[in-house]
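These notes concern the structure reproduced below.
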Amino acid sequence: MKSEIVLALDVDNLTQARYFINKLYPVIKIFKVGSQLFTSCGPKIIEIINKKGAGVFLDLKFFDIPNTVSGAVRLAVRHKVKMLTLHILGDEEMIKAAVFAASDEAKKIHIKQPLLIGVTVLTSKDAKSSDVLTLARMGIESGLDGVVCSAREAKMLRDNIKGKFTIVTPGIRPKGSFKNDQKRTATVGEAISAGSNFLVVGRPILEADDPNAAAKEILGEIYARRD
Ligand code: C5P
């Protein structure tokens, strides 16, 4: 199984974002744009990352009525993002509408459709694993490509949900680093052994004295554990 590192670009403006993209690409090949950076720069940031040759993970965690979410998903497809998130709590009808919109729009403009990733329970919150399983199963059965969950739940999901699906795990904390506001954290090794495909890392790299060295260290651990 292949695992990749994703940098959570949780910064305030284009200048800071450019600094990290230029510094860390191609050590890091996927950059996650969340509500903080997107509120500041809008789609311009997607264009910059795509032009660089890297992939965009648009983490806006869509959660709205099916019609609104479908419209947002169509626009994300047009912006050529590699993956995007929506809340599984938005329910089956919303997820199915999003899945249809992504595939329909990608066909129309002849591009590969992005991975649709469902958020189960935020890793800054405590969660019962039965709740995470129920949400993840519903999301996958409704057509999502994968789910976001804590690395602590990833193995339980692999054991209980049949078929191939992608697991994205935030809350990654290299040994000895701060937890910040995250509750359900895991090390890189724990995340990979649990079956995570994309390890989302933000502050341990963004706030490191040497972000490049921090990213390379995490990448080294990933390579060492690849099958
Ligand atoms: O800085 P840190 O490594 O904690 O960043 C984690 C990133 O993952 C943040 O961008 C956060 O929005 C995101 N995330 C999360 N928990 C989820 C889904 C996404 O922490 N369930």
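None of the values given here were measured: they were computed from a predicted structure. Hydrogens, waters and symmetry mates play no part in the numbers below; they use all other heavy atoms, side chains included. As the structure lists them, so they are numbered: ligands from 1, and atoms in each ligand from 1.
Phe100 and Ile65 fall into different hydrophobic clusters, where Ile, Leu, Val, Met, Phe, Trp and Tyr side chains are chained together by heavy-atom contacts under 4.5 Å.
Not a single donor-acceptor pair under 3.5 Å links the side chain of Asp91 to the backbone N or O of Glu93.
Counting heavy atoms from C-beta outward, Ile161 and Leu133 have side chains that approach closer than 4.5 Å.
Side-chain atoms of Gln36 and Asp12 form a donor-acceptor pair, as typed in the model, at a separation below 3.5 Å.
In this structure, Val168 shares a hydrophobic cluster with Val6, Ile30, Phe57, Met83, Leu115, Ile117, Val119, Leu122, Val148, Phe198, Val200, the cluster being traced through Ile, Leu, Val, Met, Phe, Trp and Tyr side chains under 4.5 angstrom apart.
Listed by chain and number, residues touching ligand 1 at under 4.0 Å (heavy atoms only) are Ala8, Asp10, Lys32, Asp59, Lys61, Val121, Leu122, Thr123, Val148, Pro170, Arg173, Gln182, Val200, Val201, Gly202, Arg203, Pro204.
A salt bridge does not link Asp126 with Lys183: none of the charged nitrogens is closer than 4.0 Å to a carboxylate oxygen.
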